[in-house]
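Here is the structure we will look at, set down as structure tokens.
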Amino acid sequence: MKRVVVGLSGGVDSSVAAYLLQQQGYEVIGLFMKNWHDDSVTISNECPWLEDSNDALLVAEKLGIPFQTVDLSEEYKEKIVDYMFSEYEKGRTPNPDVLCNREIKFDVFMKIALSLGADYVATGHYCQKNEIEVDGKPVYQLIAGADNNKDQSYFLCQLSQEQLAKSLFPIGALTKPEVREIAAAMDLVTAEKKDSQGLCFIGKVRLPEFLQQKLQPKEGKIVQIDKNDPIYTIEKPANLSVEEDLKWEAKKRNYLLTMGKVVGKHQGAHYFTIGQRKGLNVGGTTDPLFIIATSVETNTIYTGLTSEHPGLFKKALFIEKSEIHWIRTDLALKVGETMQVMARIRYRQPLQKATLHQFEDGMYVHFDEPQSAITEGQFVAWYFDTELVGSGVIS
């Protein structure tokens with residue numbers, strides 16, 4: 001009998017995942033990951049992890065499966081929190097959920113599970129796995145979840161073949177309402193529970209306050225750039241090579257303080273991200289202001305009116321060689337090769353037509369349509385139809 005360790009988070013998805021595995025005849029063990037100790041930055045005085053671990057325990061008891069809690073807060077701090085601080089300091093916007101899956105759930109956690117004699121690790125993610133054969137060897141495919149509204153394949157875009165080989169996603173073929181129905185029929189305590197928000201599973205954390213622990217507030221200017229600024233009509237040089245052309249399309253615009261008018265003050269450019277409109281506290285504009293760029297060097301935030309502001313849009317992005325990750329290593333591009341894909345630059349963004357161009361020092365992703373708020377430090381993931389084949393960090 002195959003043994004599966006399920007990461008029970010105290011939510012409805014992982015509860016139903018455990019139940020389904022049990023129905024399929026696996027020997028199931030429930031494991032709750034505790035990743036956070038510092039209650040000084042959670043938003044409310046409720047302690048989310050205590051409540052969650054208790055719900056996880058109740059589900060395990062209901063299903064009659066062994067249950068234990070593992071404390072991964074040290075690894076979490078080192079691999080996720082410290083990384084987040086250093087990225088924000090550089091003015092980039094990391095994605096803790098993607099990292100949490102790569103570094104914690106499918107690495108540290110997986111190793112613990114395997115040390116307990118598990119054959120697989122299972123989670124309540126809305127995605128699917130498929131096995132095919134390439135050159136006589138098994139190759140694992142990461143497929144989008146059947147529920148279009150809940151597909152979470154993007155968050156797993158950094159997994160490897162080795163990790164996928166040992167993973168199971170029992171609810172990937174179901175929709176959220178179906179999952180809730182099963183939980184209700186089984187009378188699981190989590191059936192009606194709201195979906196968790198906030199950082200991975202640190203609980204509900206207010207990001208600026210969280211960042212303020214390490215990154216000192218320092219006052220800077222908020223500058224508004226006019227949509228008709230000459231920077232948006234710079235002519236592209238003629239006779240560029242393909243690589244130079246892509247570089248031109250992907251490059252950052254260099255804004256200067258003198259280009260726009262100062263409309264307010266902020267407490268630190270590193271707390272803000274491109275495309276953000278909340279938290280600026282600038283009044284008196286007819287339309288909402290969006291952040292089009294930040295500079296941690298000069299501690300300046302550049303903004304533009306409306307979501308259609310030209311400063312938000314670009315057609316290409318670059319991924320450094322060391323940051324390119326292929327789930328389907330058998331499909332990896334060689335230098336000089338291109339590939340037509342569907343890609344997204346953030347979770348829940350509808351897939352966009354794009355072309356990958358592999359060069360010596362990295363890869364360009366060139367979109368058919370200009371994309372809003374391409375953000376450094378975030379992940380771009382590319383797909384064939386519903387299969388996620390690779391991803392990379394936007395540089």
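When reading the values below, keep in mind they use all heavy atoms of this one structure, side chains included, and skip hydrogens, waters and symmetry mates. Here the structure is a predicted model, which means the values were calculated and not measured. The first residue in the sequence is number 1, and the count goes up from there.
Here Asp13 pairs with Lys176 in a salt bridge; the nearest charged N to carboxylate O distance falls below 4.0 Å. A salt bridge links Lys79 with Asp107: the closest approach of a Lys/Arg side-chain nitrogen to an acidic carboxylate oxygen falls below 4.0 angstrom. Between Lys247 and Glu244 there is no salt bridge, since no side-chain N of the basic residue sits under 4.0 Å from a carboxylate O of the acidic one. A salt bridge is defined here as a Lys NZ or Arg NE, NH1 or NH2 lying under 4.0 Å from an Asp or Glu carboxylate O, and Lys137 with Asp135 fails to meet this definition. Between Glu249 and Lys315 there is no salt bridge, since none of the side-chain N atoms of the basic residue sits less than 4.0 Å from a carboxylate O of the acidic one. Remark: Glu376 engages Lys252 in a salt bridge, criterion side-chain N to carboxylate O under 4.0 Å. The pair Lys77-Asp82 meets the salt-bridge criterion, since a charged nitrogen lies less than 4.0 angstrom from a carboxylate oxygen. Between Asp97 and Lys105 there is no salt bridge, since none of the side-chain N atoms of the basic residue sits less than 4.0 Å from a carboxylate O of the acidic one.
Between the side chains of Glu369 and Gln352, no donor-acceptor pair is found at a separation under 3.5 Å. No donor-acceptor contact under 3.5 angstrom links the side chains of Ser241 and Glu243, judged on distance only.
Between the side chain of Arg348 and the backbone N or O of Asn149 there is at least one donor-acceptor pair closer than 3.5 Å. No side-chain donor-acceptor contact under 3.5 Å links Tyr140 to the backbone of Ile132. Of the possible donor and acceptor atoms, one in the side chain of Asn299 sits under 3.5 Å from a partner among the backbone N and O of Lys218. In this structure a side-chain-to-backbone donor-acceptor pair under 3.5 Å is missing from Asp287 to Leu305. When atom types are taken as modelled, the side chain of Gln68 and the backbone of Gly30 share no donor-acceptor pair closer than 3.5 angstrom. Checking side-chain atoms of Asp385 against main-chain N and O of Glu387 turns up no donor-acceptor pair under 3.5 Å. Between the side chain of Arg180 and the backbone N or O of Val12 there is no donor-acceptor pair closer than 3.5 Å. Ser86 places a side-chain N or O within 3.5 Å of a backbone atom of Tyr83 that can act as its donor or acceptor partner. Arg277 places no side-chain N or O within donor-acceptor distance of the main-chain N or O of Leu289, the cut-off being under 3.5 Å. Judged by distance alone, the side chain of Gln224 and the main-chain N or O of Gly260 form no donor-acceptor pair under 3.5 Å.
Between Tyr364 and Phe318, the ring planes are tilted. Angles from 30° to 60° get that label. Aromatic ring pairs are classed by plane angle as parallel below 30°, tilted from 30° to 60° and perpendicular above 60°; the pair Phe272 and His266 is perpendicular. Using bins of under 30°, 30° to 60° and over 60° for the plane-to-plane angle, the ring pair Phe32/Phe67 lands in the tilted bin.
Of the candidates Ser9, Ser14, Ser15, Thr190 forms a side chain to side chain donor-acceptor pair (under 3.5 Å) with just one, namely Ser15.
A pairwise comparison of heavy atoms in Asp151 and Ala144 identifies OD1-CA, 3.3 Å as the closest pair. Closest of all the heavy-atom pairs between Ala146 and Ala173 is CB-O, 3.6 Å. Contact between Gln141 and Leu164 at its shortest, heavy atoms only, is C-CD1, 4.4 Å. Counting all heavy atoms, side chain and backbone alike, Trp382 lies closest to His325 at CZ2-O, 4.2 Å. Contact detail for Asn95 and Gln378: the closest heavy-atom pair is ND2-OE1, 3.9 Å. The two residues Pro94 and Tyr88 come nearest to each other via the heavy atoms CD-CE1, 3.5 Å.
Under the 4.5 Å side-chain contact rule for hydrophobic residues, Ile171 and Ile65 share a cluster. Under a hydrophobic-cluster definition in which Ile, Leu, Val, Met, Phe, Trp and Tyr are linked whenever side-chain heavy atoms come within less than 4.5 Å, directly or via other members, Ile231 and Ile374 are assigned to different clusters. Both Met339 and Met363 belong to a single network of hydrophobic side chains, linked directly or stepwise wherever heavy atoms of I, L, V, M, F, W or Y lie under 4.5 Å apart. Cluster annotation: Val380 is not connected to Leu351 through the hydrophobic network of ILVMFWY side chains, with a link wherever side-chain heavy atoms come within less than 4.5 Å. Using a 4.5 Å cut-off between side-chain heavy atoms of Ile, Leu, Val, Met, Phe, Trp and Tyr, with links allowed through other members, Val341 and Leu142 fall into different hydrophobic clusters.
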What verdict does the side-chain hydrogen bond (donor to acceptor under 3.5 Å, both in side chains) test give for Glu308 and Thr306, after you've listed the backbone C-alpha separation in whole Å, the side-chain angles of each residue and the deciding distance to 0.1 Å? CA-CA 5 Å; Glu308 295 305 309; Thr306 85; over 6 Å; no

Do Gln158 and Arg102 pass the side-chain hydrogen bond (donor to acceptor under 3.5 Å, both in side chains) test, and can you show the C-alpha distance, the side-chain angles, and the key distance before you say yes or no? CA-CA 6 Å; Gln158 286 277 298; Arg102 182 183 81 192; 2.4 Å; yes

Taking it one step at a time, do Lys34 and Asp52 satisfy salt bridge (Lys or Arg N to Asp or Glu O under 4.0 Å)? CA-CA 10 Å; Lys34 179 175 179 209; Asp52 288 341; over 6 Å; no

Give the C-alpha distance, both sets of side-chain angles, the deciding distance and a yes or no for side-chain hydrogen bond (donor to acceptor under 3.5 Å, both in side chains) between Tyr383 and Arg344. CA-CA 9 Å; Tyr383 292 72; Arg344 58 168 53 106; 2.9 Å; yes

Report the C-alpha distance between Thr175 and Glu178 in whole Å, list the side-chain angles of each, state the deciding distance to 0.1 Å, and finish with yes or no for side-chain hydrogen bond (donor to acceptor under 3.5 Å, both in side chains). CA-CA 5 Å; Thr175 63; Glu178 289 172 323; 3.3 Å; yes

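Remark: Phe367 engages no residue in a ring pair (Phe, Tyr, Trp, His ring centres under 6.0 Å) (not counting sequence neighbours). In terms of the ring pair (Phe, Tyr, Trp, His ring centres under 6.0 Å) criterion, residue partners of Tyr302 (sequence neighbours excluded) are, by chain and number, Tyr255. A search for ring pair (Phe, Tyr, Trp, His ring centres under 6.0 Å) contacts involving Phe109 returns nothing, not counting sequence neighbours.
Taken from CD in Glu360 to NZ in Lys321, the straight-line distance is 5.0 Å, to the nearest 0.5 Å. The line from CD1 of Ile327 to OG of Ser391 is 6.0 Å long, rounded to the nearest 0.5 Å. Going from atom CZ of Phe85 over to atom CG of Leu215 covers 6.5 Å, rounded to the nearest 0.5 Å. Here SG of Cys127 is found 4.0 Å from CZ of Phe169. Values are rounded to the nearest 0.5 Å. The distance from atom CD of Gln349 to atom OG of Ser372, rounded to the nearest 0.5 Å, is 9.0 Å. The CG atom of Leu188 sits 6.0 Å away from atom CG of Leu63, with the distance rounded to the nearest 0.5 Å.
Here His309 and Tyr232 bring their ring centres to under 6.0 angstrom of each other. Checked against the 6.0 Å centroid threshold, Tyr347 and Phe155 count as a close aromatic pair.
In Lys251, the NZ atom is crowded: over 12 heavy atoms of neighbouring residues, nucleotides or ligands sit closer than 6.0 Å. Environment of NZ in Lys166: sparse, with no more than 12 heavy atoms of neighbouring residues, nucleotides or ligands closer than 6.0 Å. Residue Lys314 qualifies as enclosed at atom NZ: its count of foreign heavy atoms under 6.0 Å is above 12.
For the pair Lys2 and Tyr26, the cation does not sit on the ring face, since its NZ or CZ is not both under 6.0 Å from the ring centre and inside 45° of the axis.
In this structure the side chain of His125 reaches within 4.5 angstrom of the side chain of Leu156, judged on heavy atoms.
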